[in-house]
Amino acid sequence: MTHREDRRAGRADGRVTRNDDVDWDGWPVEEYLAENYREVHPCDAAVIAHHSAVCRRIGPGRVGRAVEFGAGPNLYPLVLASAAARRVDAVEAGAANVAYLRRQLAHGPEDSWRPFHALCRELNPAVPPSLEEALARVRVVHADVRRVPPGTYGLASMNFVAEGVTEDFGEFAALCRGFVRSVVPGGRLVAAFMENMPTYRVGRATVWPGCPVRPALLVEVFGPHTRHLAVTRIAADPTLPDYGHTGMVCLSAVRAGGPG
């Protein structure tokens, strides 16, 4: 069995798994962090550089409320948003991820996140000078992102969420539309996606849905609802586990219908 075959779950029966079919409360937090976030991989640095540029254009503290749409256990998007927003809502449905986020805020973040904070601050000095100060702006919201009220936020960030929670492209597109609607007209959007993500494994025992997307499909989904849409591809990173994806795609846009 090759490394790629070990990471990809495969669906021989042709059945499609959707978001509500999955027990997200059981997401394997420690395995996921060990595979992806115990060091700053080159792809992380590329995503951070992309998102930092968006937040620099917004300006320090110009956004009253930002949302991390499906936060998971990943802290660096929260740090990035703290440069532009006075409050950041980390909206997450899975109980294991919520528990992890709350521990990080209540008892102090793990040291493995400090190099991420250092890079975020290097690229955008508006990031608060300590990791603890950046996270002090974060509120964990245990909720389904599909229930986020439209027009609530000035900035929305989504990282490796919509393409990793369903195998149904229609549901993927609906989640992306909900992400766009979470900001006010004229609000800013920034996101990162795994390119061509198949059904995948985290660790050895768990299988999770994936919806393969690529830059042209993201333009198709986001284009009708946004302005100033920009899509940037990041090549596959050999330092990451091979989940069967072919790289990453970063996106920035403004929700249509308001000032740019």
Side-chain angles (χ1 to χ4, degrees), residues 6-9 17-41 43-44 47-48 51 67-82 88-117 119-120 131-132 134-148 157-167 175 179 191-194 197-211 237 239-245 248:
D6 185 54
R7 290 290 173 182
R8 296 183 65 170
T17 299
R18 296 179 174 83
N19 185 59
D20 288 338
D21 298 328
V22 179
D23 176 17
W24 295 110
D25 289 342
W27 178 255
V29 173
E30 292 304 324
E31 292 91 338
Y32 179 71
L33 293 174
E35 291 182 4
N36 293 280
Y37 293 116
R38 293 310 186 195
E39 62 181 280
V40 182
H41 295 276
C43 62
D44 299 317
V47 172
I48 289 170
H51 290 13
V67 62
E68 185 62 28
F69 202 83
N74 185 0
L75 298 191
Y76 80 67
L78 306 175
V79 173
L80 288 163
S82 74
V88 182
D89 286 351
V91 179
E92 169 60 38
N97 285 326
V98 167
Y100 178 82
L101 291 171
R102 287 178 172 163
R103 286 197 304 272
Q104 299 305 291
L105 298 185
H107 303 296
E110 295 173 329
D111 286 341
S112 55
W113 293 111
R114 299 193 184 280
F116 291 90
H117 170 264
L119 179 58
C120 293
L131 178 55
E132 289 79 3
L135 295 178
R137 302 188 182 186
V138 176
R139 181 184 72 154
V140 179
V141 179
H142 190 180
D144 189 323
V145 293
R146 293 172 294 183
R147 306 293 181 260
V148 171
S157 169
M158 179 172 67
N159 294 278
F160 317 119
V161 174
E163 77 283 19
V165 300
T166 183
E167 295 173 359
L175 286 166
F179 170 62
F193 303 85
M194 304 291 271
M197 184 73 156
T199 301
Y200 60 102
R201 295 184 186 274
V202 175
R204 290 196 168 273
T206 57
V207 180
W208 305 93
C211 182
D237 184 345
T239 72
L240 281 181
D242 184 351
Y243 296 112
H245 64 292
M248 296 181 181

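Note that the structure is predicted; figures quoted are calculated from it, not measured.
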Determine, stepwise, if the pair E110 / R103 fulfils salt bridge (Lys or Arg N to Asp or Glu O under 4.0 Å). CA-CA 10 Å; E110 295 173 329; R103 286 197 304 272; over 6 Å; no
For D21, what residues pass the side-chain hydrogen bond (donor to acceptor under 3.5 Å, both in side chains) criterion, not counting sequence neighbours?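 Once residues adjacent in sequence are excluded, D21 has no partner under the side-chain hydrogen bond (donor to acceptor under 3.5 Å, both in side chains) criterion.
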If we ignore hydrogens and angles and just use 3.5 Å, is the side chain of [X] paired with the main-chain N or O of [Y] as donor and acceptor?
X    : Y    : value
D25  : A95  : yes
N36  : L33  : no
H245 : P198 : no
E31  : V202 : no

Run the side chain to side chain contact (heavy atoms under 4.5 Å, CB included) check on V67 and V88 step by step: do they pass? CA-CA 6 Å; V67 62; V88 182; over 6 Å; no
Side chain to side chain contact (heavy atoms under 4.5 Å, CB included), paired with V98, selected from V91, V141, V140: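 The single option meeting the side chain to side chain contact (heavy atoms under 4.5 Å, CB included) with V98 is V140.
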Taking all heavy atoms of [X] and all of [Y], pick out the closest pair and write down the distance.
X    : Y    : value
F69  : L175 : CE2-O, 3.9 Å
V138 : A90  : CG1-CB, 4.1 Å
M248 : C43  : CE-SG, 3.5 Å

With a 4.5 Å heavy-atom cut-off, do L75 and L101 have their side chains touching?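 They are in contact (side-chain heavy atoms under 4.5 Å apart), so the answer is yes.
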As an exercise, state the distance from [atom1] of [X] to [atom2] of [Y], rounded to the nearest 0.5 Å.
X    : Y    : atom1 : atom2 : value
D111 : H117 : CG    : NE2   : 13.0 Å
W113 : L131 : CH2   : CG    : 9.5 Å
C120 : Y76  : SG    : OH    : 8.5 Å
L105 : L78  : CG    : CG    : 8.0 Å
D44  : D237 : CG    : CG    : 7.5 Å
M197 : F193 : CE    : CZ    : 13.0 Å

Consider only side-chain N and O atoms of W24 and N19, and report whether a donor and an acceptor are under 3.5 Å apart.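 Indeed, the side chains of W24 and N19 share at least one donor-acceptor pair under 3.5 Å.
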Distance only, no hydrogens: is a donor on one side chain within 3.5 Å (strictly under) of an acceptor on the other, for T199 and E167?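 Short answer, yes.
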Distance-only donor-acceptor pairs under 3.5 Å for side chains of residues 158-166, two or more places apart:
{"unit_1": "N159", "atom_1": "OD1", "unit_2": "H51", "atom_2": "NE2", "d": "2.8"}
{"unit_1": "N159", "atom_1": "ND2", "unit_2": "E68", "atom_2": "OE2", "d": "2.9"}
{"unit_1": "N159", "atom_1": "ND2", "unit_2": "S157", "atom_2": "OG", "d": "2.9"}
{"unit_1": "E163", "atom_1": "OE1", "unit_2": "V161", "atom_2": "N", "d": "3.3"}
{"unit_1": "E163", "atom_1": "OE2", "unit_2": "M194", "atom_2": "N", "d": "2.6"}
{"unit_1": "T166", "atom_1": "OG1", "unit_2": "D168", "atom_2": "N", "d": "3.0"}
{"unit_1": "T166", "atom_1": "OG1", "unit_2": "E171", "atom_2": "OE1", "d": "2.6"}

Just to verify, which of Y243, W27, Y32 counts as forming a ring pair (Phe, Tyr, Trp, His ring centres under 6.0 Å) with W208?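 So the option named by the test is W27.
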Go through the structure and list residues passing side chain to side chain contact (heavy atoms under 4.5 Å, CB included) with D20, not counting sequence neighbours.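 With neighbours one apart ignored, the set is R146.
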Taking the basic N atoms (NZ, or NE/NH1/NH2) and the acidic carboxylate oxygens, is any pair closer than 4.0 Å for R102 and E92?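 A salt bridge is absent here (no side-chain N lies under 4.0 Å from a carboxylate O).
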